[in-house]
Amino acid sequence: MPVVTFRTSGAGNCVRVADLPYVYIRTEAGGAVLPASCPHRGGPLNLSVPDAAGRRLVCPWHERGTSLGRLRRQVPAVRSGDTVTAVLPGPAGTTVELCHLPLSPALAAGA
């Protein structure tokens with residue numbers, strides 16, 4: 001499993017592991033590293049917004065909610081200042097690439 005350190009915002013706020021993007025988000029419930037693709041149809045979860053209860057992220061493509069708690073449990077991560085270190089899924093030697101993805105204002109709060 002790759003262990004990767006990347007930025008919480010701005011350039012380098014995303015890491016791709018075997019072509020799957022992950023970003024650091026921050027909501028009222030706290031911060032987490034999440035897959036940036038909706039598990040339902042691959043929509044851009046980095047542009048999603050939390051539902052009224054703050055328990056689900058609503059995909060901008062099809063308005064389906066995905067459990068924020070379930071997404072948080074997928075990637076162990078620790079934030080330190082403006083970087084985050086995460087243990088991402090994939091075998092050792094998996095291709096890892098730093099990149100940038102925009103975040104919705106609701107997911108960038110406090111990042």
Side-chain angles (χ1 to χ4, degrees):
M1 296 185 132
V3 177
V4 182
T5 299
F6 59 102
R7 299 188 53 81
T8 58
S9 62
N13 75 330
C14 173
V15 61
R16 289 186 188 276
V17 177
D19 291 327
L20 298 174
Y22 294 85
V23 293
Y24 177 82
I25 61 109
R26 180 127 183 107
T27 67
E28 290 181 10
V33 174
L34 306 177
S37 299
C38 175
H40 182 235
R41 291 195 179 160
L45 280 186
N46 54 299
L47 300 177
S48 66
V49 295
D51 68 2
R55 292 191 304 245
R56 300 173 82 65
L57 291 181
V58 179
C59 178
W61 279 9
H62 55 79
E63 299 182 3
R64 178 178 179 210
T66 300
S67 168
L68 189 52
R70 184 179 59 78
L71 290 169
R72 285 178 192 274
R73 289 188 295 272
Q74 289 181 11
V75 180
V78 176
R79 179 181 174 174
S80 178
D82 65 351
T83 61
V84 62
T85 300
V87 179
L88 298 163
T94 299
T95 302
V96 175
E97 171 191 6
L98 294 178
C99 54
H100 173 78
L101 283 178
L103 297 178
S104 72
L107 299 183

Original post:
Is there a chain of hydrophobic side chains (I, L, V, M, F, W, Y, each step under 4.5 Å between heavy atoms) that links Leu107 to Leu68?
Top reply: yes
Original post:
Does any pair with a residue in residues 47-58 pass salt bridge (charged side-chain N to carboxylate O under 4.0 Å, His left out), and if so which ones, sequence neighbours excluded?
Top reply: none
Original post:
Do you know the tightest heavy-atom contact between Pro39 and Leu45?
Top reply: CD-CD1, 4.1 Å
Original post:
Can you list the residues that meet the side-chain hydrogen bond (donor to acceptor under 3.5 Å, both in side chains) rule with Arg72, with sequence neighbours excluded?
Top reply: Thr27
Residues 59-66, side-chain donor-acceptor partners within the protein, below 3.5 Å, at least two apart:
| unit_1 | atom_1 | unit_2 | atom_2 | d |
| --- | --- | --- | --- | --- |
| His62 | ND1 | Arg64 | N | 3.2 |
| His62 | NE2 | His40 | ND1 | 3.3 |

Subject >> Single-linkage hydrophobic cluster Val84~Val17, side-chain heavy atoms < 4.5 angstrom >> reply: yes
Original post:
What are the two closest heavy atoms between Val49 and Ser104, and how far apart are they?
Top reply: CG1-OG, 4.4 Å
Original post:
Which heavy atom of Tyr22 sits nearest a heavy atom of Phe6, and at what distance?
Top reply: O-CE1, 4.3 Å
Original post:
Leu101 and Leu103: same hydrophobic cluster, using ILVMFWY side-chain contacts below 4.5 Å?
Top reply: yes
**OP:** Report yes or no: does Arg79 contribute a side-chain atom to a donor-acceptor pair with the main-chain N or O of Gly81 at less than 3.5 Å?
**Re:** yes
**OP:** List for me each residue that meets side-chain hydrogen bond (donor to acceptor under 3.5 Å, both in side chains) alongside Asn13, sequence neighbours excluded, and say none if there are none.
**Re:** His100
Original post:
Yes or no on side chain to side chain contact (heavy atoms under 4.5 Å, CB included) for Val58 and Ser48, after CA distance, side-chain angles and deciding distance?
Top reply: CA-CA 5 Å; Val58 179; Ser48 66; 5.6 Å; no
Original post:
In the single-linkage hydrophobic clustering (I, L, V, M, F, W, Y; side-chain heavy atoms under 4.5 Å), do Leu20 and Val4 co-cluster?
Top reply: yes
Subject >> Interatomic spacing from SG in Cys38 to CG in Leu71 - rounded to 0.5 Å >> reply: 8.5 Å
Original post:
Is there any ring pair (Phe, Tyr, Trp, His ring centres under 6.0 Å) pair reaching into residues 75-97, and which pairs are they, with sequence neighbours excluded?
Top reply: none
Kindly list each side-chain donor-acceptor pair under 3.5 angstrom involving residues 85-98, sequence neighbours excluded, with atom names and distances?
| unit_1 | atom_1 | unit_2 | atom_2 | d |
| --- | --- | --- | --- | --- |
| Thr85 | OG1 | Thr5 | OG1 | 2.7 |
| Thr94 | OG1 | Pro91 | O | 2.4 |

Subject >> CA sep, side-chain torsions, deciding dist, call: Ser9, Asp82, side chain to side chain contact (heavy atoms under 4.5 Å, CB included) >> reply: CA-CA 7 Å; Ser9 62; Asp82 65 351; 5.7 Å; no
